[in-house]
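Just the heavy atoms: all of them, side chains too, but no hydrogens, waters or symmetry mates, feed the values below.
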Amino acid sequence: QVQLVESGGGLVQPGGSLRLSCTASGSIFSIYSMGWYRQAPGKQRELVARITNNFRTNYVDSVKGRFTISRDNAKKTVYLQMNSLKPEDTAVYYCSLGDAYWGQGTQVTVSS
């Protein structure tokens, strides 16, 4: 059974940075794409960034140039480096393995 555990969320001022981490249990991590999604109050969950098993990445337009997704297969961990954060980035962030397994979510709040 796969479990995903996220960490790294918190409160940050506009313009600040955070790095989210998501560590997986199980042995299938390296063969799947990993994604970071977010859901703000009253809005649908949206894909923020995805990294494939061969390290290709894609991002939603609103975070391009500010966020970077990466993965370390040896550590079974995916990261989301978030820079130049804006209030509209406030949401619960979830990691996903292959869009089949999900973490519990971590809150990111951008506010002065």
Side-chain angles (χ1 to χ4, degrees):
Q1 184 174 353
V2 175
Q3 290 187 320
L4 303 174
V5 179
E6 298 123 334
S7 61
L11 173 64
V12 64
Q13 292 187 341
S17 298
L18 285 173
R19 188 175 83 153
L20 305 183
S21 300
C22 172
T23 300
S25 62
S27 60
I28 63 173
F29 179 83
S30 64
I31 66 174
Y32 280 96
S33 294
M34 296 293 297
W36 283 99
Y37 290 74
R38 66 185 178 188
Q39 188 166 21
K43 294 188 177 182
Q44 290 188 332
R45 189 174 297 189
E46 67 169 349
L47 175 65
V48 176
R50 178 179 282 128
I51 184 166
T52 68
N53 60 339
N54 56 3
F55 298 90
R56 287 183 294 181
T57 60
N58 64 281
Y59 300 89
V60 67
D61 286 346
S62 60
V63 308
K64 285 180 180 177
R66 300 189 297 122
F67 290 11
T68 302
I69 189 171
S70 60
R71 65 190 294 165
D72 184 333
N73 287 342
K75 295 182 178 179
K76 298 181 182 179
T77 299
V78 62
Y79 304 96
L80 186 68
Q81 178 67 43
M82 305 185 294
N83 298 328
S84 302
L85 282 160
K86 304 176 181 180
E88 51 263 43
D89 295 318
T90 296
V92 178
Y93 284 70
Y94 301 88
C95 72
S96 174
L97 187 153
D99 289 342
Y101 300 94
W102 295 86
Q104 80 285 358
T106 185
Q107 177 70 47
V108 172
T109 302
V110 184
S111 175
S112 55

Participant: For Tyr32, what residues pass the ring pair (Phe, Tyr, Trp, His ring centres under 6.0 Å) criterion, not counting sequence neighbours?
Facilitator: none
Participant: Quick one: do Trp36 and Leu18 end up in the same hydrophobic cluster if we chain Ile, Leu, Val, Met, Phe, Trp and Tyr together by side-chain heavy atoms under 4.5 Å apart?
Facilitator: yes
Participant: Any chance you could measure Asn54, atom CG, to Ser30, atom OG, to the nearest 0.5 Å?
Facilitator: 11.5 Å
Participant: Are Tyr93 and Ile51 co-members of a hydrophobic cluster defined by side-chain heavy atoms under 4.5 Å apart?
Facilitator: yes
Participant: Are Val63 and Met82 close enough that some pair of their side-chain heavy atoms sits under 4.5 Å apart?
Facilitator: no
Participant: Show which residues join Tyr94 in its hydrophobic cluster (side-chain heavy-atom contacts under 4.5 Å, direct or indirect), or state none.
Facilitator: Tyr37, Leu47, Val92, Trp102
Participant: Could you tell me which non-hydrogen atom of Cys22 sits nearest to which non-hydrogen atom of Leu4, and how far apart they are?
Facilitator: SG-CB, 3.8 Å
Participant: Not counting sequence neighbours, list each pair that qualifies as a salt bridge (charged side-chain N to carboxylate O under 4.0 Å, His left out) and has a residue in residues 68-84.
Facilitator: none
Participant: Would Gln1 and Tyr101 satisfy side chain to side chain contact (heavy atoms under 4.5 Å, CB included), going step by step from the backbone distance to the final call?
Facilitator: CA-CA 10 Å; Gln1 184 174 353; Tyr101 300 94; 5.6 Å; no
Participant: If you compare all heavy atoms of Thr90 against all heavy atoms of Ala40, which two are closest, and at what distance to 0.1 Å?
Facilitator: O-CB, 3.7 Å
Participant: To check you understand the geometry: which heavy-atom pair defines the closest contact between Gly9 and Val108, and what is its length?
Facilitator: CA-CG2, 4.2 Å
Participant: With a 4.5 Å heavy-atom cut-off, do Phe67 and Leu20 have their side chains touching?
Facilitator: no
Participant: What's the verdict on salt bridge (Lys or Arg N to Asp or Glu O under 4.0 Å) for Asp89 and Lys86, showing C-alpha distance, side-chain angles and the deciding distance?
Facilitator: CA-CA 5 Å; Asp89 295 318; Lys86 304 176 181 180; over 6 Å; no
Participant: Say whether, by atom type as modelled, one donor and one acceptor occur between the side chain of Ser84 and the main chain of Arg66 under 3.5 angstrom.
Facilitator: no
Participant: Compare all side-chain heavy atoms of Ser7 with those of Thr106 and state whether any distance is below 4.5 angstrom.
Facilitator: no
Participant: Calculate, to the nearest 0.5 Å, the distance between atoms OG and CZ belonging to Ser62 and Arg38 respectively.
Facilitator: 4.5 Å
Participant: Ignoring hydrogens, what is the shortest heavy-atom contact between Pro14 and Ser111? Give both atom names and the distance.
Facilitator: CD-C, 3.6 Å
Participant: Is there a continuous path of hydrophobic side-chain contacts, each under 4.5 Å between heavy atoms, that joins Tyr79 to Val48?
Facilitator: no
Participant: Using the side-chain hydrogen bond (donor to acceptor under 3.5 Å, both in side chains) criterion, which residues pair with Gln81? Sequence neighbours excluded.
Facilitator: Asn83
Participant: Quick one, Asp99 with Arg50, criterion side chain to side chain contact (heavy atoms under 4.5 Å, CB included). Give me CA distance, side-chain angles, the key distance, then yes/no.
Facilitator: CA-CA 10 Å; Asp99 289 342; Arg50 178 179 282 128; 3.0 Å; yes
Participant: Please say whether more than 12 non-hydrogen atoms of neighbouring residues, nucleotides or ligands are located less than 6.0 Å from CD in Gln44.
Facilitator: no
Participant: What is the minimum heavy-atom distance between Thr77 and Ser21, and which atoms define it?
Facilitator: CG2-CB, 4.3 Å
Participant: For Tyr59, check side-chain hydrogen bond (donor to acceptor under 3.5 Å, both in side chains) against everything at least two apart and list the hits.
Facilitator: none
Participant: Provide the closest heavy-atom pair for Leu97 versus Ala24 in the form atom of the first, atom of the second, distance.
Facilitator: CD1-CB, 4.4 Å
Participant: Any pair with a residue in residues 6-28 that passes salt bridge (charged side-chain N to carboxylate O under 4.0 Å, His left out), sequence neighbours left out, goes on the list, sorted by first then second residue, please.
Facilitator: none
